[in-house]
Amino acid sequence: MSEIKPYDPATIEVKWQQAWEQAGIHEVRDDLPRDKCYYVLEMFPYPSGKLHMGHVRNYTIGDAVARYKRMRGFAVLHPMGWDSFGLPAEQAAIERGAHPQKWTYENIAYMRGQLKRMGFSYAWSREFACSDPGYAHREQQIFLDLVEKGLVYRKSSLVNWSTGLNCVLANEQVVDGKCWRTGMPVVQKELPQWYLRITHYADELLRGTDELKGGWPDAVLTQQRNWIGKSEGAEIDFPVDGHPEVKLTVFTTRPDTLFGVTFVSIAPEHAALDKIVPASHRAAVEAFKAEVRAVSAHDRTGDTAEKKGVFTGAHVINPANGALVPLYAANFVVADYGTGVVMAVPAHDSRDFAFARKYGIPVRTVIQAVDAQHAEWVKYQAGEDAYTAPGTMVDSAQFTGQPSEAAKKAITTWLATSGKGRATVTWRLRDWCLSRQRYWGNPIPFVRSEQLGYTPLPKQDLPVVLPTDVTFDGTGNPLEKHATWAVTTADGRPLTVRGQKGPEAARRETDTMDTFMESSWYFARYTCHDNRRADLGCAAPLDKAKADHWLPVDLYIGGIEHAVLHLLYARFFQKALADTGHAGVREPFKRLLCQGMVCMETYSREGANGRPQWFYPDEVEVVRDAKGVVTSAVLAADGASVRVGRVEKMSKSKRNTVDPQKLIDTYGADTARLFILFAAPPEMDVVWSEDAVKGAHRFLKRVWALCQDQAVRLASTAPFAGHVKDLTGADAAVVRKVHATVKKATDAMERDFAFNTTIAACMELMNELKPEALKPEVVKLGLTTLVRLLAPMVPHVCQELWADLGGGSRADDLIKAGWPTYDPAQMEADEAEYPVQVNGKMKGKIVLPRSLAGAALEQAVREHAEILRVCEGKAIRKLIVVPGKIVNLVVG
RNA sequence: GCCGGGGUGGCGAAAUGGCAGACGCGGGGGACUUAAAAUCCCCUUCCCGCAAGGGGGUACGGGUUCGAGUCCCGUCCCCGGCACCA
């Protein structure tokens, strides 16, 4: 036998990548029936510089799905692009003097090369970057449509101000009271901002979560529901004592406790306060307001924040019984939820209970537990906490004696008849603060003039293009500091708007859009397949027919960290696109797969400053016991011990990252792909292990060697195409194994994209393929099946082997070969081995013909020598025989 | 506190209510080699036993069932999200 070809991943991978690209086989047509089409999408990356392991995992999963679906005959749309506006580009400008544009596009070029080197099967003709003028222009058009639809407004409000970035942050960009990017403190500041009216869709966004059930992970749907936060209750008006012109409206979910109100609390920034605080208390209230405003929203209302309040000197009147109760300004009452005023019932609300105790406010019981032993009631009786559960109404006028749940509605109705209250619904969801005081984002297409104030630009004046001659010193907004950009047109003339008395000087809005804007519709833009042309082929932001053809995305894959932000914004945006006539589809993603994190072990020591000092695994030597269990570790450099930490998500700060490029260079893309898919199911975390990578590589080498060893011998042999019943011995066993493997692999893919199980099935099949003991056509069947089953996961090596096994060497031969099929009739042997349980315990095994069933099977079991032995002469009281599965005897 | 997801060998993990631990990693032993690497073969859930064999075992406690890792009830622990939201 001649020398077999060595496995050289670098060569074959690049060869096939070029062949695929040249043949254009991953481009897709738009004119096939929708049920023959499949849109699989991975969350596009921010071009930070180079790919990390999280990207590799995300995109490998998506690519394996795309390739699998193609082999199943689908026309697969599998696009990729760049979320290329954003802060890091500006930070690079500040730190290194690199222009954001240059930095961004250089990163894109490098990362695109890495994606290609991984062999991902993207339709590259659809690629775009969000910072491309064409895409930004389309987004400005959409923005103006949203303005027209009333979905955009300006509002001055307390916003989160990042002291590190000198800009406004969205609530969700504030983590633990600190800026999510820089970790710098966040304070509250009053500023006018642009808002998108996402709350207009609150109800539809909430209802949509029910339709998405089954397609989306429960965790994500729950998070979105919590975030939207629908709350049903009542508004109740409390007149202010001595101020007949003012009434304070509270929102409550507990109208049943109305008779127990002993004080009312109000947000310190509530507008009505100025009118009703008497002079005697003005100073105290102002001091409290200042104190509250000095800290971030988190420090004010977070779990560690102290509940504080100050008596305003004013009293309000309980509309139910005329009782006069004090009004407190309290730090935990927020102005923009509900009405900013809360009725307080210490007896039946834990927070009110604590507050009342602190300030010596009375507690008035109006609900009594039905069961006097109720744990919470007992605690309440002991004066430890409020009683918040339902019960029977007491001391509540005509409602006394009713069940409290019924009284909620009864009291609301009673108040409504006299106009003192009404049933209402409140949402936790706030409108989306869109504006950012930054350079590297899409400009908001508004101008401002003396007479007209803010005016949207006419569409023919778009696009608003960012200036390139800007300076970055890390403070404020470079656009605002630019000498001419805000006041001149693209061709350098003074910027004007048409005022009532002719042209009037105008100034551009210098705020740019939040980058979640771009990621809210990129998936729709991919469906319009002319993204490489500067004019994008159509004047409209979307080609509606194409968008409606492909949307919703069949499978969207990304990290769970986007559960509320990106995924809720995108759902909102799709509805807004529909309502502005750009698309017909209202939900963007049919199925969502959240892949787990890539983790690695950590090693550390207590550092000098009390914080841990982390070490790269390369620097550490681990000590194992006889069973291979890690017992301790030492630093190679000094031989002293280090702490073996938990396995944690890869991060630079913990020094437990691996550069995927190194992995590709050492083992090839196929090994990287195989490792990441085999280590765990997609939604679970994977733990990085160099040994496991080697194991994946070893498997590929074994498949390679086996195929190459047989390729020449089998060159003119066709795969076995007969029926297993015409075979015997090892040949029959292998053919059955082939059919069983295809079934297992197919089930695993269709159920959960359980690539790890598919790969395991392939490994089993390979372990059974012993060519010397088999007919050539059976070997050929085994190998060609194996190669096709592995192809979606490790496409390069499979395509090379497919060619060498005579399947053809054109770029699309493997796709055309298709995913293998199986015949259930050829999966099982004629004899079935039945495990035998006696009284629930395993006692042995018997072999019976598979064809036996019913009474004949039972008869055969009863007469079997092994059965007689395990029964030890005792009578069989009950016999359960599950055909092909198990025999269970109850004896005694 | 509330919501969601988990808990299976030394490790990653498999198992439509039907032989728990497939497959892989690590570990042990062997072959090849001057040697190492690479490769190949065998063993590897725990306990008792030289062995044949026996017993235990899917976080813990109950339950349903001929039969439970899987279904039901309760408890503990871990991970993630939300949290003065009235």
Side-chain angles (χ1 to χ4, degrees), chain A residues 217-227 229 231 233 250-254 257 264-265 300-307 330-334 336-345 349-352 354-355 426-430 560-561 563-564 597 599 601 624-631 646-647 674-675 678-681 683-696 698-699 701-702 705 744 747-748 751 754 756-764 766-767 833-845 877-882 884-890:
Chain A
D218 286 340
V220 174
L221 294 177
T222 312
Q223 280 182 55
Q224 292 212 348
R225 280 188 210 109
N226 290 344
W227 193 262
S231 180
V250 306
F251 171 73
T252 181
T253 54
R254 293 296 304 273
T257 62
V264 166
S265 18
R300 172 176 161 186
T301 59
D303 58 344
T304 51
E306 192 191 351
K307 295 178 212 353
N331 64 345
F332 56 84
V333 181
V334 291
D336 59 349
Y337 179 80
T339 58
V341 189
V342 187
M343 68 179 218
V345 186
D349 180 281
S350 291
R351 187 192 49 208
D352 295 343
F355 193 90
T426 293
W427 305 85
R428 206 191 82 104
L429 183 71
R430 313 292 163 85
I560 192 142
E561 64 273 19
V564 274
M597 300 180 294
C599 302
E601 74 265 39
R624 292 172 187 274
D625 69 10
K627 285 178 180 171
V629 185
V630 174
T631 52
R646 309 163 34 140
V647 168
L674 186 67
F675 160 73
F678 183 57
E683 62 280 0
M684 277 210 241
D685 292 350
V686 300
V687 181
W688 169 267
S689 150
E690 182 81 21
D691 286 322
V693 172
K694 285 182 183 151
R698 189 178 308 140
F699 171 68
K701 282 198 285 189
R702 290 177 68 201
K744 193 174 173 187
D747 289 351
R751 196 173 7 111
N756 56 328
T757 310
T758 297
I759 293 164
C762 290
M763 288 173 167
E764 277 188 66
M766 194 195 64
N767 289 343
E833 190 182 56
Y834 287 87
V836 179
Q837 289 187 344
V838 177
N839 293 343
K841 286 212 177 284
M842 291 305 309
K843 285 292 176 188
K845 284 169 187 179
R877 291 203 310 198
K878 190 165 181 181
L879 173 66
I880 296 106
V881 182
V882 184
K885 290 281 186 192
I886 204 164
V887 172
N888 199 337
L889 305 161
V890 183

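Reminder, nothing fancy here: chain letters follow the sequence lines and each chain counts from 1.
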What distance, rounded to whole Å, do you find between the two [atom1] atoms, one in [N] and one in [M]?
{"N": "B:A51", "M": "B:A35", "atom1": "P", "answer": "32 Å"}
{"N": "B:G9", "M": "B:G57", "atom1": "C1'", "answer": "10 Å"}
{"N": "B:A59", "M": "B:C79", "atom1": "C1'", "answer": "15 Å"}
{"N": "B:G56", "M": "B:G62", "atom1": "P", "answer": "16 Å"}
{"N": "B:U8", "M": "B:C23", "atom1": "C1'", "answer": "15 Å"}
{"N": "B:U58", "M": "B:U70", "atom1": "C1'", "answer": "10 Å"}
{"N": "B:G10", "M": "B:C48", "atom1": "P", "answer": "14 Å"}
{"N": "B:G55", "M": "B:G1", "atom1": "C1'", "answer": "45 Å"}

Is B:G9 syn or anti, taking syn as a glycosidic angle within 90° of 0? syn
Go ahead and name the base partner of [N]; Watson-Crick or wobble counts if both distances stay under 3.5 Å, otherwise write none.
{"N": "B:A52", "value": "none"}
{"N": "B:U34", "value": "none"}
{"N": "B:C2", "value": "B:G81"}
{"N": "B:C71", "value": "B:G63"}

Can you give me the closest heavy-atom contact between A:Ala692 and A:Phe675, atom names plus distance?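 Heavy atoms only, the tightest pair is CB-CE1, 3.7 Å.
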Between A:Pro835 and A:Lys845 the two heavy atoms that sit nearest each other are CA-CG, 4.1 Å
Rounded to the Å, how far apart are [X] [atom1] and [N] [atom2]?
{"X": "A:Arg351", "N": "B:A86", "atom1": "CZ", "atom2": "P", "value": "8 Å"}
{"X": "A:Trp227", "N": "B:G4", "atom1": "CH2", "atom2": "C1'", "value": "16 Å"}
{"X": "A:Ile759", "N": "B:A14", "atom1": "CD1", "atom2": "C1'", "value": "14 Å"}
{"X": "A:Asp685", "N": "B:C11", "atom1": "CG", "atom2": "P", "value": "17 Å"}
{"X": "A:Asn226", "N": "B:C84", "atom1": "CG", "atom2": "P", "value": "13 Å"}
{"X": "A:Arg428", "N": "B:C84", "atom1": "CZ", "atom2": "P", "value": "8 Å"}
{"X": "A:Leu674", "N": "B:C25", "atom1": "CG", "atom2": "C1'", "value": "13 Å"}
{"X": "A:Met684", "N": "B:G24", "atom1": "CE", "atom2": "C1'", "value": "15 Å"}

Can you build the contact string for nucleotides 15-22 of chain B? Use B for base contact, S for sugar-phosphate-only contact, and - for no protein heavy atom under 4.0 Å. SB-BBS-B
Got a donor-acceptor pair under 3.5 Å from the side chain of A:Arg698 to the base of B:C40?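 Looking at the base of B:C40, it does not pair with any donor or acceptor on the side chain of A:Arg698 (distance under 3.5 Å).
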Taking only the side-chain nitrogens and oxygens of [X], find out if one of them lies under 4.0 Å from OP1 or OP2 of [N].
{"X": "A:Lys701", "N": "B:A38", "result": "no"}
{"X": "A:Asn767", "N": "B:G24", "result": "yes"}
{"X": "A:Arg225", "N": "B:C82", "result": "no"}

Under 4.0 Å, counting only non-hydrogen atoms across every strand here, what does [X] touch: a base, just sugar-phosphate, or nothing?
{"X": "A:Pro681", "answer": "sugar-phosphate"}
{"X": "A:Ser231", "answer": "sugar-phosphate"}
{"X": "A:Gly695", "answer": "sugar-phosphate"}
{"X": "A:Asp349", "answer": "nothing"}

Any chance you could measure A:Ile560, atom CD1, to A:Glu683, atom CD, to the nearest 0.5 Å?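 A:Ile560 atom CD1 to A:Glu683 atom CD measures 10.5 Å (nearest 0.5 Å).
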Point-to-point distance, once rounded to the nearest 0.5 Å, from OG1 of A:Thr758 to NZ of A:Lys744: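 The OG1 atom of A:Thr758 sits 9.0 Å away from the NZ atom of A:Lys744.
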Please confirm whether the ring centroid of A:Phe678 lies under 6.0 Å from the ring centroid of A:Phe699. no
Give a yes or no on whether the backbone of A:Ala680 and the side-chain of A:Asn756 come within a donor-acceptor separation of less than 3.5 Å. no
N/O donor-acceptor pair under 3.5 Å between A:Tyr834 side chain and A:Lys885 backbone: no
If you apply the rule salt bridge (charged side-chain N to carboxylate O under 4.0 Å, His left out), what do you find for A:Asp336 with A:Arg430, and how did you get there? CA-CA 8 Å; A:Asp336 59 349; A:Arg430 313 292 163 85; 3.0 Å; yes
